[in-house]
Amino acid sequence: MPDPKKPVVVSGMRPTGRLHLGHLHGALANWVRLQADNECFFFSADWHALTTNYHDTSVIKSAEREMFVDFIAAGIDPERATLFVQSEVKEHAELFLLLGMITPVGWLERSPSYKELREQISDRELSLYGFLGYPVLMTADIILYKATRVPVGADQVSHLELCREIVRKFTSHYGEVFPEPQPLLTEAAKVVGTDGRKMSKSYGNAIDLGEDAASTTKKIMGMVTDPARKRRQDVGNPEVCGVFYLHRIYSEAPTVEWVDANCRTAGIGCVDCKRKLLEKLGPDQERLRERREALLARPKDLEELVQLGTTKARAVAARTMAEVRAAMKL
Ligand code: SF4
């Protein structure tokens with residue numbers, strides 16, 4: 001059972017395969033820090049994957065295994081944090097259904113991610129009940145464990161606000177079962193892809209977590225830099241360069257200052273700058289690669305860890321649902 005003295009943190013990720021450096025520095029590094037002082041539940045949001053990828057479900061299970069390997073390789077400790085699979089805790093579906101009874105459709109239609117994704121994804125039908133109801137399922141995921149804190153970036157606070165509104169609606173009808181989860185604002189390190197756009201598998205610009213040395217080197221050396229630096233003697237602006245963002249994450253302060261000053265005066269070229277970055281990023285990727293390989297070599301152990309976490313999550317979820325049914329007189 002969770003330690004009642006610790007705040008409860010819940011967060012999930014859709015299983016889409018190998019994670020990349022954007023996931024590592026945008027979310028996972030923060031999760032690793034949070035597990036020290038919080039009761040953490042980190043899950044594979046496999047049902048959420050269906051809301052937009054219902055047309056191809058064949059990759060979900062293998063993607064999930066890769067994702068859990070990446071979680072642990074990045075430093076999530078399954079003995080401190082509970083790792084589980086959403087679809088294996090059926091209470092998520094029950095609570096989703098019950099919350100759906102009290103959630104106004106207008107709230108969901110106004111959700112910024114609903115509008116954004118419908119505009120972005122034009123190659124498939126998204127006028128779907130499951131897709132519209134995505135925030136209701138997300139609310140169920142969070143409150144089932146009575147989360148008090150949810151790690152979010154500044155752009156996701158509105159999503160959590162919808163969850164909090166649903167909690168308030170539930171409380172007004174049936175009394176207080178759930179705490180209102182508070183946003184745990186995280187200042188995620190900025191990471192962009194090799195082409196300068198947001199790092200994303202779908203853009204083909206990602207560097208995978210623990211990618212091998214040759215491939216990491218090739219991608220870093222081919223990375224787009226400040227377009228103003230066409231020739232070695234052109235001065236640049238590190239603030240518009242993805243290589244510099246990575247230096248901020250991987251390099252020591254004196255190196256970051258060295259890059260900052262010498263980029264602006266053309267004291268170094270982009271090749272020097274990238275080689276310097278690889279001195280730190282290369283060994284880090286190698287360490288992650290080794291940890292991934294060790295985990296992949298013991299698939300049964302990995303399965304057991306996730307099963308243990310799922311059993312623990314089920315026990316907490318069952319207890320909450322007993323309270324929900326009592327509050328709703330069901
Ligand atoms: S010197 Fe470094 S920071 Fe400046 S543009 Fe080149 S790669 Fe980017």
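What you see is a predicted model; the values in this text were computed from it and never measured. Note that ligands are numbered from 1 as they come in the structure, with each ligand's atoms numbered from 1 the same way. These values consider heavy atoms only, across backbone and side chains, with no hydrogens, waters or symmetry-generated copies.
The distance from ligand 1 to the heavy atoms of V243 drops below 4.0 Å at these ligand atoms: 7 (S). For ligand 1 and D226, the ligand atoms under 4.0 Å from any heavy atom of the residue are 5 (S). Atoms of ligand 1 lying under 4.0 Å from at least one heavy atom of R229, given by number and element, are 1 (S), 5 (S).
A salt bridge does not link R229 to D226: none of the charged nitrogens lies less than 4.0 Å from a carboxylate oxygen. Salt bridge present: E239 and R248 bring a charged side-chain N and a carboxylate O closer than 4.0 Å. Salt-bridge formation is detected for the pair K201/D208: a Lys NZ or Arg NE/NH1/NH2 atom is positioned less than 4.0 Å from an Asp or Glu carboxylate oxygen.
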Side chain to side chain contact (heavy atoms under 4.5 Å, CB included) between E211 and R289, intermediate numbers included: CA-CA 6 Å; E211 193 159 333; R289 192 190 62 75; over 6 Å; no
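Ranking protein heavy atoms by distance to atom 7 (S) of ligand 1, first place goes to T225 CG2, 3.5 Å. Residue, atom and distance of the protein heavy atom nearest to atom 6 (Fe) of ligand 1 are C270 SG, 2.3 Å. The closest protein non-hydrogen atom to atom 4 (Fe) of ligand 1 is C263 SG, 2.3 Å. Nearest to atom 8 (Fe) of ligand 1 among the protein's heavy atoms is C241 SG, 2.3 Å.
Residue-ligand proximity: K274 is placed with every non-hydrogen atom at 4.0 Å or more from ligand 1.
A parallel orientation is assigned to the rings of W31 and F42, their planes being inclined by less than 30° (bins at 30° and 60°).
Looking at V224, L246, T225, V259 one by one, the single match for side-chain contact (heavy atoms from CB on, under 4.5 Å) with C241 turns out to be T225.
For H92 and Y145, the ring centers are positioned less than 6.0 Å apart.
In summary, C273 places an N/O/S atom under 2.8 Å from atom 2 (Fe) of ligand 1, meeting the contact criterion.
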